[in-house]
**Student:** 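A single structure is presented below for examination.
The model shown is predicted, which means the values in this text are computed figures rather than measured ones.
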Amino acid sequence: MPSSYPHHPAYIPVIKWQQYEQYALRHLPAEVQDRVTPCIEIRTSKQHQNLVDNYHSVRASHTTLVDYSDPDGRLSGVRLAEFRDFLKIAKTNNYSVVPTLSPNDLNSLSFQDLNLLASFGEVAIREKISDFSLSSGQDSRLRAAIGKIKSVDNCSARVLIDKSQAPEAWTRANCTQLANAIDQIAAAEIKSIHLLSGAYPESLTTVKTGMAEFKRNDWALWKDVNNICTSNVGFGDYGILNPYWTEETLELRGQRLAIRYTRDQDWLILRADGKTRDHSIAISQILVNVYSSDFKGASYSYGDKLLEERADPMVPDKDKKCGHYHITEGWNHHISFVVKDQY
């Protein structure tokens with residue numbers, strides 16, 4: 001399974017650390033796992049405890065970025081204290097963690113906290129942008145943060161330029177502007193630089209029941225920027241969840257099941273009119289049988305195996321994983337598709 005971009009850094013999917021996302025990560029085969037470095041976002045104290053309890057069983061020795069920032073990218077409230085607590089546990093257990101935070105927070109760390117982060121050998125600086133460039137203030141804060149990491153012996157910096165929601169359209173001039181900003185930061189002797197963005201819709205309310213297609217503008221934007229960059233800018237995305245997704249969104253919209261199936265240029269969405277086991281089986285059968293030219297088959301990924309088993313009338317219904325397993329299958333297939341077919 002050769003890489004299409006063998007000199008680029010590993011693919012970064014941004015994971016919200018839901019239980020069913022954890023299942024997706026657990027079931028990645030070694031050849032995919034070795035080319036993926038997820039960024040786990042921890043947003044609540046309950047998730048913090050879940051990470052402490054379950055990190056080893058999900059990630060083991062695999063390198064993982066961990067970010068405790070709030071949606072605005074800051075270590076607000078108890079986040080810094082909980083981040084510190086997790087990092088101490090990770091250090092004790094020799095987890096291959098890359099602490100991830102904003103340049104604002106990194107530049108204001110205490111000497112003790114900076115040394116704790118630097119003790120992992122790498123720190124990732126995540127800067128969120130709304131335009132196609134860094135403002136002068138963002139650029140100076142980012143460079144100061146890189147310098148602060150490099151001032152500590154045996155520690156290197158990764159940089160994540162996070163566009164959040166990918167735009168619907170852009171020009172070559174936009175891409176050139178963003179590529180130039182990335183190349184200028186990459187020249188600062190850092191370990192790697194990634195462009196992150198997400199394109200999955202914030203809502204599926206336009207899909208009443210049936211089929212829809214949504215463009216993967218995150219992948220399209222990265223390709224256009226990468227074609228201009230002189231540096232090897234890595235690809236990262238928010239996968240089958242919108243960048244602004246929350247658990248509350250899941251509760252509000254959890255009354256109707258949907259399959260999210262990643263294809264080269266878009267997501268194929270099949271939405272049921274309910275959330276029972278029968279609904280789950282029915283939309284899986286539609287994907288496997290009606291969209292057979294798109295369906296990759298059970299051997300492709302754990303997610304595809306779940307779909308094929310669910311659609312198979314010879315498999316007893318009681319053995320079919322339904323409901324929230326659509327999150328597992330969607331994420332597992334998505335990560336596998338990016339690594340095997342695209343990146």
**Student:** Between E82 (side chain) and Q49 (backbone), is there a donor-acceptor pair under 3.5 Å?
**Tutor:** no
**Student:** Quick check: do K305 and E309 have side-chain heavy atoms less than 4.5 Å from each other?
**Tutor:** yes
**Student:** Side chains of S57 and R26: do they bring a donor and an acceptor to under 3.5 Å?
**Tutor:** yes
**Student:** Does the plane of the ring in Y200 sit parallel, tilted or perpendicular to the ring in W267? Use 30° and 60° as the thresholds.
**Tutor:** perpendicular
**Student:** Can you list the residues that meet the side chain to side chain donor-acceptor pair (under 3.5 Å) rule with Y261, with sequence neighbours excluded?
**Tutor:** D304
**Student:** Using a 3.5 Å distance criterion without hydrogens, assess whether the side chain of R35 forms a donor-acceptor pair with backbone atoms of V339.
**Tutor:** yes
**Student:** Considering residues at least two apart in sequence or located in another chain, which fulfil the side-chain contact (heavy atoms from CB on, under 4.5 Å) criterion with D312?
**Tutor:** M314, V315
**Student:** Hey, do the aromatic rings of Y5 and F235 have their centres closer than 6.0 Å?
**Tutor:** no
**Student:** What I want to check is whether the side chains of Y325 and S280 have a donor and an acceptor closer together than 3.5 Å.
**Tutor:** no
**Student:** Do R158 and E122 sit within salt-bridge range, that is, some charged N less than 4.0 Å from a carboxylate O?
**Tutor:** yes
**Student:** Does either side chain, that of Q184 or that of D139, offer a donor lying less than 3.5 Å from an acceptor on the other one?
**Tutor:** no
**Student:** Keeping the roles fixed (side chain from S102, backbone from G73), state whether a donor-acceptor pair exists under 3.5 Å.
**Tutor:** yes
**Student:** Can you confirm whether L101 sits close enough to L117 that some side-chain heavy atom of one is under 4.5 Å from a side-chain heavy atom of the other?
**Tutor:** yes
**Student:** Using the side chain to side chain contact (heavy atoms under 4.5 Å, CB included) definition, which of the options L160, I190, I149, I193 pairs with I125?
**Tutor:** I149
**Student:** Report yes or no: does N332 contribute a side-chain atom to a donor-acceptor pair with the main-chain N or O of A24 at less than 3.5 Å?
**Tutor:** yes
**Student:** For K320, is there an ion pair with D317 - N to carboxylate O distance below 4.0 angstrom?
**Tutor:** yes
**Student:** How about S45 and H48: does a side-chain donor come under 3.5 Å of a side-chain acceptor?
**Tutor:** no
**Student:** Please name all residues satisfying side chain to side chain donor-acceptor pair (under 3.5 Å) with D341, sequence neighbours left out, ordered by chain then number.
**Tutor:** K296, Y300
**Student:** If the test is side chain to side chain donor-acceptor pair (under 3.5 Å), which one of D105, T100, D162 qualifies with R126?
**Tutor:** D162
**Student:** Does E21 reach the main-chain N or O of K16 with its side chain, forming a donor-acceptor pair under 3.5 Å?
**Tutor:** yes
**Student:** Using 30° and 60° as the class boundaries, would you call the ring planes of W222 and W219 parallel, tilted or perpendicular?
**Tutor:** parallel
**Student:** Flag the pair Y23 / Y302 as yes when their ring centroid distance falls below 6.0 Å, and as no otherwise.
**Tutor:** no
**Student:** Spell out, as yes or no, whether a donor-acceptor pair under 3.5 Å connects the side chain of E308 to the backbone of A298.
**Tutor:** yes
**Student:** Cation-pi check, K223 to Y343: give yes when NZ or CZ is under 6.0 Å from the six-membered ring centre and within 45° of the ring axis, no otherwise.
**Tutor:** no
**Student:** When you measure from the side chain of R260 to the backbone of I327, do you find a donor-acceptor pair of N or O atoms at a distance under 3.5 Å?
**Tutor:** no
